[in-house]
Amino acid sequence: MEKTGNPIMKAHSSGVEPEMFQVLTPEGEIVETIDPKIDKSLMLKMYESMLLLRTFDRKSINLQRQGRMGTYAPFEGQEASQVGSALALSAGDWMFPTYRDHGAAIIHGQELYRVFLYWMAHFEGSICPEGKRIMPPSVPIATQMVHAVGTAWASKLKGEKNVSIAYFGDGATSEGDFHEALNFAGVYKTPTIFFCQNNGYAISVPFNKQSASKTISQRAAAYDIPGVRVDGNDIFAVWLTVKEAVERALKGEGPTLIEAITFRYGAHTTADNPAIYREQDEISTFWRENRDPITRLKKFLIKEGYWNDEQEEMVLKQFNEQIDAHLQKAEAYPKSNPLEMFNHVYANESWHLKEQQQELEQILKKGVNK
Amino acid sequence: MEKTGNPIMKAHSSGVEPEMFQVLTPEGEIVETIDPKIDKSLMLKMYESMLLLRTFDRKSINLQRQGRMGTYAPFEGQEASQVGSALALSAGDWMFPTYRDHGAAIIHGQELYRVFLYWMAHFEGSICPEGKRIMPPSVPIATQMVHAVGTAWASKLKGEKNVSIAYFGDGATSEGDFHEALNFAGVYKTPTIFFCQNNGYAISVPFNKQSASKTISQRAAAYDIPGVRVDGNDIFAVWLTVKEAVERALKGEGPTLIEAITFRYGAHTTADNPAIYREQDEISTFWRENRDPITRLKKFLIKEGYWNDEQEEMVLKQFNEQIDAHLQKAEAYPKSNPLEMFNHVYANESWHLKEQQQELEQILKKGVNK
Amino acid sequence: MGKSLTMLQAITEAMDQKLGQDDRVMIMGEDIGVNGGVFRATEGLYEKHGKDRVVDTPLAESGIIGSAIGLALNGMLPIVEIQFLAFIYPGFEQLVSHAARMRYRTRGQFGVPLVIRTPYGAGIRGPELHSESVETFFAHTPGLKVVAPSNPYDAKGLLISAIEDPDPVVFLEPTKLYRAFKEEVPEEMYRIPIGQAKVVQEGSDLTIFAWGAMLREALNAAKKIENEKGWKCEVVDLRTLYPLDRDTIVQSIKKTGRALIVHEAHKTAGLGAEIISIINDEALIYLKAPIKRVTGFDVPVPPFSIEDHYLPTVERVKQGITDTITF
Amino acid sequence: MGKSLTMLQAITEAMDQKLGQDDRVMIMGEDIGVNGGVFRATEGLYEKHGKDRVVDTPLAESGIIGSAIGLALNGMLPIVEIQFLAFIYPGFEQLVSHAARMRYRTRGQFGVPLVIRTPYGAGIRGPELHSESVETFFAHTPGLKVVAPSNPYDAKGLLISAIEDPDPVVFLEPTKLYRAFKEEVPEEMYRIPIGQAKVVQEGSDLTIFAWGAMLREALNAAKKIENEKGWKCEVVDLRTLYPLDRDTIVQSIKKTGRALIVHEAHKTAGLGAEIISIINDEALIYLKAPIKRVTGFDVPVPPFSIEDHYLPTVERVKQGITDTITF
Ligand SMILES: Cc1ncc(C[n+]2csc(CCOP(=O)(O)OP(=O)(O)O)c2C)c(N)n1
Ligand SMILES: Cc1ncc(C[n+]2csc(CCOP(=O)(O)OP(=O)(O)O)c2C)c(N)n1
Ligand SMILES: [Mg+2]
Ligand SMILES: [Mg+2]
């Protein structure tokens with residue numbers, strides 16, 4: 001019954017069915033062969049890392065509420081995506097996080113007190129430890145994706161065995177930079193990993209208003225690069241996928257687009273009220289109870305006899321202390337000096353900045369500047 | 001032998017094989033059912049339109065060489081794409097051409113003398129006949145694609161039965177606006193037709209340097225809209241495809257991406273030398289001899305007894321006269337008045353433009369302004 | 001009869017009334033529908049006017065501005081909200097190469113009656129790139145108009161004018177003032193003409209030119225300096241930044257002979273320079289002292305812990321006044 | 001030993017030499033590889049230095065500038081060619097929100113040693129949007145440097161400095177001068193410091209400030225007016241547009257007391273305004289007359305049939321000189 005005169009209908013007949021790679025079910029069951037193997041110590045590292053991050057995240061929200069920090073972007077619920085991806089990297093790999101990916105940054109080596117400093121609006125919160133390649137959180141959406149193409153391209157040109165990973169959200173996939181980044185990476189076969197945390201919302205906008213496409217991973221085909229959709233709350237699935245992407249990249253096989261399906265339990269930032277745009281209580285309770293990344297790994301670990309409540313209590317205590325120590329360090333950090341704003345605009349000083357700095361210095365000497 | 005732990009390899013296994021919709025072969029044979037029917041008079045219109053355009057295009061190149069026109073962008077070789085698409089439209093449809101699509105614009109109702117005026121750098125070359133919706137050629141690549149989403153969206157909101165068609169090249173598909181346009185059109189299901197003439201080159205850059213993807217049509221899947229690849233030198237295939245896209249659009253089924261495979265025989269513009277970046281003689285001779293859009297339709301028409309050499313001679317003579325008349329009109333057109341540059345910056349006059357206009361007027365009164 | 005409204009409420013009211021009055025008006029942007037906008041400027045409008053008139057768009061500013069251009073070409077009157085001024089950059093090409101030029105290119109055949117509303121300026125403890133003040137970019141683009149209100153009353157009247165304007169208007173809303181104070185705002189629709197500055201305080205010793213959030217700093221400094229030294233400053237709210245109201249600028253300077261410009265934007269190539277140049281053109285001989293610029297510094301807006309020192313302060317304005325008057 | 005080169009050849013030579021000398025240097029852009037660039041600025045470099053060092057990119061300016069930022073972060077020294085200045089707009093966000101700010105954000109930990117070369121300006125009978133002169137956009141962006149040479153010698157020396165500069169430099173090449181004349185250019189690598197203007201002609205009655213293609217109009221007008229009226233103009237080539245060389249500007253004005261600025265860019269918020277403001281700041285009392293701006297008008301650059309009237313002409317510069325001197 002097919003009409004030959006209808007080329008469009010013909011071409012469009014095969015719909016894409018969203019599939020999702022899952023290894024560890026919410027019930028804590030393994031449903032896929034794990035290859036390469038994830039040994040016990042890595043499993044424990046995964047679990048503890050997620051616990052650390054959740055503790056850190058909750059603390060941060062409280063600090064914001066107490067006025068000890070500025071607007072904060074929480075990531076609770078997305079721990080498996082951030083930890084699983086970061087643990088699959090090597091120390092020298094380039095990381096391009098957004099404002100919501102300090103979880104991944106911490107696992108990749110960013111120091112906790114620096115993350116506090118960032119949200120407390122200290123300049124120094126954007127610096128990473130010496131030798132690391134963790135860029136400051138990218139605020140303009142999707143822009144960091146092309147940077148991760150460039151750094152990876154340079155690694156390739158220099159023959160250095162490093163990948164670059166760009167973090168971004170579902171909303172970011174609508175920006176032109178998403179497209180240009182994937183296309184460039186495809187052309188130059190750069191060792192770039194495009195890691196999308198699809199948490200279903202760009203602030204208030206659900207993904208079905210963001211695009212008519214059902215998945216984000218399907219977009220990879222447009223650039224002839226592989227795209228894969230994984231359960232972003234299943235840390236095994238995330239780790240295995242990123243690991244494979246890293247290996248492909250290092251073998252010279254080019255970039256990969258990964259869509260990790262996840263959910264942020266809380267608000268977009270502490271300035272946002274999710275109850276306005278979604279059934280916040282119901283939906284976040286549903287995810288917490290049925291899809292939580294930490295709970296599911298815990299179930300598995302307990303079943304295997306790798307974990308118990310005492311251990312949990314102990315590490316939680318330790319994490320709280322660790323976080324508090326970093327918080328103390330951050331809060332004791334010297335107040336930002338307004339004159340610092342004139343530094344690092346250029347590598348070398350310019351007359352106009354020197355004078356403006358002097359102008360401000362004079363005013364500050366008078367004691368008030370309001 | 002498939003490893004379950006390799007989600008990326010699994011997901012990426014099915015390659016896209018470029019297929020191309022063709023109805024009329026280069027030998028002038030029909031190889032697909034034509035539905036809806038293309039009657040004799042439409043066939044003749046197609047043929048004559050292509051002849052007119054080719055005559056116009058060659059004339060224009062000569063005019064540029066003689067210094068009677070500025071830099072010109074020729075389209076010879078792409079006539080089937082431009083005529084076939086334009087003839088599938090209704091009079092009130094919105095058209096967004098590029099600098100290479102004055103062929104399509106002419107068929108949609110732009111006057112020949114205005115096209116001359118445009119390339120002679122008269123302001124008035126960007127105006128279309130009263131009541132028409134032919135926008136001036138878009139120079140910044142891909143930017144017009146989002147406009148065609150907007151006008152189509154407005155048609156939909158107002159319940160008007162019009163489509164909007166955006167013309168663009170293969171190079172344009174790398175720009176962010178390509179992505180944003182397709183995505184918006186998908187979300188709002190706008191009656192937009194994205195008509196790409198893939199002539200293999202963006203100036204000197206061949207498509208395989210433009211993207212790792214084999215086709216442009218495959219990108220439609222990223223937005224869950226239909227994408228189709230057609231032989232852009234086969235006017236029946238082009239017309240049928242655009243016709244179907246128009247019908248879908250008017251039925252509320254949304255946008256379509258069409259990739260028409262074609263080739264520009266000549267230079268990118270009269271300022272370009274294609275011999276630098278491709279085997280110009282060989283490749284353009286190959287296309288002319290084996291793929292020409294006009295020759296193939298002529299073969300078919302002659303076989304059917306619809307056309308003969310006398311007719312050809314007669315219409316060519318008529319076209320030459322018509323074009324010359326328009327050229328005369330364009331060359332007799334009043335010289336641009338420099339003071340015109342101050343008009344239409346705003347709907348209402350502003351003091352600063354008024355004064356600047358007076359300043360220039362004073363200078364011009366003195367006789368020289370060099 | 002008026003109501004006491006914040007600037008935010010005045011802006012919402014202007015849009016609500018125009019949506020109600022004219023079918024062609026629509027609003028589009030990120031999070032402006034269901035969520036009512038990140039500052040809540042469109043609160044309630046989605047529910048009231050429906051999803052076709054108040055549209056949550058994908059996160060893509062070029063797509064937003066570009067499709068709004070198309071909507072405007074085809075008879076609609078779109079109001080675009082860009083979430084923060086710096087996020088207009090992905091759509092910069094659409095604004096500069098198309099919105100600003102369509103009327104010119106088509107010799108008046110097609111116009112782009114588009115309003116781009118966007119919060120701008122520092123002082124609300126925003127994250128990086130949430131505090132820019134780059135009005136220069138738009139004031140250097142023929143074909144655009146640029147407006148920046150400093151109070152609820154002007155905001156409503158100017159926004160209605162902007163929506164009714166046949167040309168694209170960049171409407172800059174000083175974030176810091178959104179909820180800073182309330183003011184009596186008439187309930188009916190009224191217009192404040194684009195292109196007219198306003199003398200908000202008469203004076204004889206020096207003129208302060210300011211706009212947006214800086215107007216309050218200017219007024220506060222003027223009051224303090226009058227108390228402290230007895231100098232009387234005239235304060236002019238420019239309101240429209242492009243094209244500038246030259247007559248009001250020149251008239252004031254002819255009266256006072258001294259001037260100070262206060263703006264948040266970076267000093268170099270900021271609009272202050274254009275105002276100085278206009279005065280240089282028209283009233284140089286009236287000048288008793290160099291014109292002072294008290295502006296944001298030529299550095300990226302720093303983290304909010306020190307943003308107040310990036311911004312012109314009453315202290316710096318006072319210093320500027322003193323320097324100029326005692327020159 | 002030098003050779004007689006056009007500006008285009010001087011630019012090619014600078015890139016060729018840096019590519020040869022430093023592995024980290026690479027060039028990227030549209031049609032710059034096999035084709036040698038639409039103006040042929042990169043002619044022969046692809047063949048000589050290979051496809052990894054001279055890269056034909058996809059048609060996507062945000063991708064180009066953005067990936068160049070990444071390359072620069074990771075140790076390369078990319079030179080980007082944007083085909084024409086107006087086509088930088090799709091990459092505007094990358095330039096303004098990232099290239100210009102990376103050093104600042106990371107407190108010097110990561111810099112972006114990037115050069116963006118682009119033809120700019122009118123006068124070559126180009127199509128729409130091929131003739132823009134929007135240096136203001138970049139001069140209002142802290143973190144960027146902006147350079148515009150007016151002759152082959154400076155072009156080579158400034159481009160080498162730009163490539164070696166640790167910060168992003170927007171390098172504006174006046175299209176009209178690419179092949180306009182030849183000049184002796186030393187074969188060795190030499191540098192002209194960024195940030196230094198040059199007095200190209202001494203004079204006592206008035207200073208003309210110009211740059212890029214407008215320098216020749218300035219010099220021609222100065223010569224004519226000297227012949228006609230005997231007035232001696234000093235002519236200053238700014239060369240670097242951001243940050244400006246204030247000392248040279250002020251020194252000259254203190255000598256002549258009168259000034260004229262010639263630029264192609266639109267008048268409102270053009271760089272002329274900043275120069276006037278610098279003079280207002282530093283040397284108001286030396287001024288014998290208002291400073292005149294002879295500039296491109298505040299209209300989109302018109303079609304090339306009348307572009308010469310959009311541009312400052314010798315006639316208009318002469319008129320400006322006369323007005324200023326006889327004020
Ligand atoms: C270019 C740009 N436009 C708009 C914004 C404002 N904004 C900040 S976060 C955000 C939503 C991002 O959603 P998504 O990409 O899904 O990431 P998520 O916040 O869910 O992690 C928006 C619109 C921005 N930061 N940059
Ligand atoms: C934003 C932008 N970048 C660069 C250019 C310069 N340019 C003009 S045409 C062209 C190539 C376009 O190629 P394609 O889209 O394939 O169209 P074609 O010319 O082959 O019809 C380029 C790079 C431009 N006009 N706009
Ligand atoms: Mg999201
Ligand atoms: Mg092409």
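Chain identifiers are assigned alphabetically (A, B, ...) following the order of the sequence lines, protein sequences preceding nucleic acid strands; residue numbering begins at 1 within each chain.
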**Complete:** d(M120(A) CE, S305(C) OG) to nearest 0.5 Å is 11.0 Å
**Atom pair OH/CG of Y201(A) and N35(C) - distance to nearest 0.5 Å** = 11.5 Å
**Prompt:** Does any heavy atom of chain C fall under 4.5 Å from the side chain of V345(A), the backbone, both, or neither of them?
**Reply:** side chain
**Message:** Taking the side chain as everything from C-beta on, heavy atoms only, tell me whether L360(A) gets closer than 4.5 Å to H309(C).
**Reply:** yes
**Prompt:** What part of A172(A) lies closer than 4.5 angstrom to a heavy atom of chain C: side chain, backbone, both or neither?
**Reply:** backbone
**Complete:** Bottom line for E43(C): the part with an atom under 4.5 Å from chain A's heavy atoms is neither
**Fill in**
One should read off an interatomic distance between Y277(A) OH and Y46(C) OH, to the nearest 0.5 angstrom, of 15.0 Å
**Request:** Measure I141(A) against the heavy atoms of chain C and call it side chain, backbone, both or neither at under 4.5 Å.
**Result:** side chain
**Prompt:** Which bit of F84(C) is near chain A, if near means a heavy-atom gap under 4.5 Å: side chain, backbone, both or neither?
**Reply:** neither
**Message:** Taking side chain as everything from C-beta outward and backbone as N, CA, C, O, which of these in V317(C) sits under 4.5 Å from a heavy atom of chain A? Side chain, backbone, both or neither.
**Reply:** neither
**Asked** Should H352(A) and T268(C) be marked as a side chain to side chain contact (heavy atoms under 4.5 Å, CB included) after you check the CA-CA gap, both sets of side-chain angles, and the distance that decides it?
**Response** CA-CA 9 Å; H352(A) 71 304; T268(C) 300; 4.1 Å; yes
**Request:** Could you pull out the closest heavy-atom pair between H130(C) and V139(A), with the gap in Å?
**Result:** CE1-CG1, 3.6 Å
**Prompt:** Where the side chain of S336(A) meets the backbone of I306(C), is there a donor-acceptor pair that is under 3.5 Å apart?
**Reply:** no
**Request:** For F123(A) and P302(C), work out which heavy atoms get closest and say how close.
**Result:** CZ-CB, 3.9 Å
**Asked** Counting N and O atoms only, with roles assigned by atom type, does the side chain of D31(C) sit under 3.5 Å from a partner on the main chain of S204(A), one being a donor and the other an acceptor?
**Response** yes
**Message:** For the interface with chain C, which of Q362(A), E359(A), H268(A) has the highest count of heavy-atom pairs at distances below 4.5 Å?
**Reply:** E359(A)
**Portion of K267(C) that has a non-hydrogen atom of chain A nearer than 4.5 angstrom** = side chain
**F39(C) versus chain A, the contacting section by heavy-atom distance below 4.5 Å** = neither
**Region of N337(A) that comes under 4.5 Å of a non-hydrogen atom in chain C** = backbone
**Request:** State the NZ-OG1 distance between K370(A) and T313(C), to the nearest 0.5 angstrom.
**Result:** 11.0 Å
**Message:** Any non-hydrogen side-chain atom of R278(A) less than 4.5 Å from a side-chain atom of V34(C)?
**Reply:** no
**Asked** In Å, rounded to the nearest 0.5 Å, how long is the span from CG of N369(A) to CG of D308(C)?
**Response** 8.5 Å
**Message:** Taking every non-hydrogen pair under 4.5 Å, which of E307(C), E61(C), K318(C) racks up the most with chain A?
**Reply:** E61(C)
**Fill in**
Closest heavy-atom pair, K209(A) versus P58(C), reported as atoms and distance to 0.1 Å, is O-CG, 3.8 Å
**Message:** Taking atom NZ as the centre, does K335(A) end up with more than 12 heavy-atom neighbours from other residues, nucleotides or ligands that are less than 6.0 angstrom away?
**Reply:** no
**Asked** If you take all heavy atoms of E128(C) and P137(A), which pair is closest and at what distance?
**Response** OE1-O, 4.1 Å
**Message:** Tell me if the CD atom of Q358(A) is crowded by more than 12 foreign heavy atoms within 6.0 Å.
**Reply:** yes
**Prompt:** Heavy-atom distance under 4.5 Å to chain C: side chain of L364(A), backbone, both or neither?
**Reply:** side chain
**Request:** Would you mind telling me which of K366(A), H344(A), E340(A), H122(A) has the largest number of heavy-atom pairs within less than 4.5 Å of chain C?
**Result:** K366(A)
**S211(A) OG to L59(C) CG distance, which is reported to the nearest 0.5 Å** = 12.5 Å
**Short side-chain to backbone donor-acceptor contact, E315(C) and I363(A), under 3.5 Å** = no
**Over all atoms of both residues, closest heavy-atom pair of V299(C) and F342(A)** = CG1-CD2, 3.7 Å
**Request:** Would you mind checking which part of F297(C) comes under 4.5 Å of any heavy atom in chain A, side chain (CB onward), backbone (N, CA, C, O), both or neither?
**Result:** both
**Asked** Are P90(C) and E175(A) side-chain neighbours, meaning at least one heavy-atom pair lies under 4.5 Å?
**Response** yes
**Prompt:** Relative to chain C, which segment of L353(A) carries a heavy atom at a distance below 4.5 Å: side chain, backbone, both, or neither?
**Reply:** side chain
